[in-house]
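Read through the structure below, which is laid out as structure tokens, and then see the notes.
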Amino acid sequence: MAVTQRALLEAAAARAIAYLAGLAGRPVAPPRGALERLDALDRALPDTPVDGAAILGELDELGSPATVATAGGRYFGFVVGGSLPAALAANWLAGAWDQNAGIIALSPAAAKLENVALRWLLDVLALPPECGAGFVTGATMANFTGLAAARHAVLRRAGWDVEARGLFGAPSITVVMGDEVHVSLLKALGHLGLGRERVVRVPTDEQGCMRADRLPSLDARTILCLQAGNVNTGAFDPAPELCARAREQGAWIHVDGAFGLWAAAAPARASLVRGFDQADSWAVDAHKWLNVPYDSGLAFCRDAGAFRSAISTGAAAYLVRSSGREPDDYAPEMSRRARGVEIWAALASLGRSGLADLIERTCGFAARFATGLRTAGYEVLNEVVLNQVLVSFGDDERTGRVIATLQQDGTCWCGGTTWHDRAAMRISVSSWATTADDVERSLDAMLRAAHSA
Ligand SMILES: Cc1ncc(COP(=O)(O)O)c(C=O)c1O
């Protein structure tokens, strides 16, 4: 290796390590001054090459302070996990490998790691072992990919080859989903030509779960979309009842389980996912609760043949095919990074018990937040069954002020939402890096913010 390349990579590792070590002592949101200094990166494209060490120095000195400390233990916004040490290390090594994971001929190592990771994933997520699966960028693309398989299958039943003929003149399809569906599913429907608004919405209960008593009648040309883990409350649709009805009536069942399906990996939470294994396709994120680096999600489909027919690239003379599982048969992209490496490393490093502990521990922290806030007199709006807490600090204006004060304080970061016409603060605990001390410090900061607002 050239001396300069070695020195640069060593410097990058040293800076990255220093960055992570510094997270505990810095505000979670970047200070305004750091954001203003980002402008120094915005200059004319250099006419001639610039030394890599100078580039790295600038990125670290200007970029690092302007990051949001999502890799630390006190970020509770959206549903964001940190990167497990083994997953981050695997990501660095895989970056050096620079593998194109699209086909086996380009990366036998990536393909092998994907195959092993898939077997492990189906096991810990309690999904049918015969599933086909693709490594995609996140749950949005996983929903897209699963729904593409659904679209293929229901139209094939109607004698229509949608990949060949498109949707022009196709038999109509009905998509049924709960009122509390995640927006990414609607986005996926838009991309697939199924229409964001051309869906039948089913009313939901106070936790955001689809009401089984309001399910319309379904048929073989229906795609029923269920949710495992509501982004606000963490609640699960009543899958046993809904899946039984959908199966009886021949509908395709797709599950958006971006973070909620990970409950299957923790014995004390596994009852939450009961019945979801009866579905036909599932979308799951790895970059959320499995705590691998972005971007990483998975689409699973019970009928691996339907999945391949919907997604595969098709033949081209220059593309070498093997008799093994060709990764590009299961993902919308052809060339892509080797996401399976980090997933393999995360699961290998945690083992079954480490994964269960990650899920259970973070759920326990969510419960601690809920108890601490309730005890202080604030209203927790959801049943805290998983890792999500919704809290109101009084009227909407006051809740908004508390969120703003908390974000400014910098001890931790939580965002806002509207839940059943009321402003609420969302707390999502999804990172291996969160400790009991982080939770207590953050709870103190929330109560301080609430007292001052
Ligand atoms: C239930 C649910 N589905 C889908 C998504 C979209 O996931 P991604 O941002 O990984 O595409 C999210 C993100 O929070 C989610 O909570």
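Read the numbers this way: they start at 1 and go in the same order the structure lists the ligands and their atoms. All values below were derived from every heavy atom in this structure, side-chain atoms included, with hydrogens, water molecules and symmetry-related copies excluded.
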Please report, to 0.1 Å, the donor-acceptor pairs under 3.5 Å made by any side chain of residues 188-203, with sequence neighbours excluded.
unit_1: Arg198; atom_1: NH1; unit_2: Ile173; atom_2: O; d: 3.2
unit_1: Arg201; atom_1: NH2; unit_2: Asp179; atom_2: O; d: 3.1

Pair Phe76 and Phe369, ring centroids less than 6.0 Å apart: yes

For Pro171, all residues meeting side-chain contact (heavy atoms from CB on, under 4.5 Å), sequence neighbours excluded: Leu155, Ala158, Trp160, Arg221

Atom pairs and distances, side-chain donor-acceptor, residues 68-75, under 3.5 Å, sequence neighbours left out:
unit_1: Arg74; atom_1: NE; unit_2: Thr411; atom_2: O; d: 2.6
unit_1: Arg74; atom_1: NH1; unit_2: Asp438; atom_2: OD1; d: 3.1
unit_1: Arg74; atom_1: NH2; unit_2: Ala24; atom_2: O; d: 3.2

So does Arg15 pair up with Asp60, basic N to acidic O under 4.0 Å? yes

Measure from every N or O atom of ligand 1 to the protein's N or O atoms and keep only the pairs below 3.5 Å, writing each with atom names and distance to 0.1 Å.
unit_1: ligand 1; atom_1: 3 (N); unit_2: Asp256; atom_2: OD1; d: 3.0
unit_1: ligand 1; atom_1: 3 (N); unit_2: Asp256; atom_2: OD2; d: 2.7
unit_1: ligand 1; atom_1: 7 (O); unit_2: Asp285; atom_2: OD2; d: 3.3
unit_1: ligand 1; atom_1: 7 (O); unit_2: Lys288; atom_2: NZ; d: 3.0
unit_1: ligand 1; atom_1: 10 (O); unit_2: Ala139; atom_2: N; d: 3.1
unit_1: ligand 1; atom_1: 10 (O); unit_2: Asp285; atom_2: OD1; d: 3.1
unit_1: ligand 1; atom_1: 10 (O); unit_2: Asp285; atom_2: OD2; d: 2.7
unit_1: ligand 1; atom_1: 10 (O); unit_2: His287; atom_2: NE2; d: 2.8
unit_1: ligand 1; atom_1: 10 (O); unit_2: Lys288; atom_2: NZ; d: 3.1
unit_1: ligand 1; atom_1: 11 (O); unit_2: Ala139; atom_2: N; d: 3.4
unit_1: ligand 1; atom_1: 11 (O); unit_2: Thr140; atom_2: N; d: 2.8
unit_1: ligand 1; atom_1: 11 (O); unit_2: Thr140; atom_2: OG1; d: 2.5
unit_1: ligand 1; atom_1: 14 (O); unit_2: Lys288; atom_2: NZ; d: 3.4

Side chains of Glu379 and Val391, heavy atoms from C-beta outward: is any pair under 4.5 Å? no

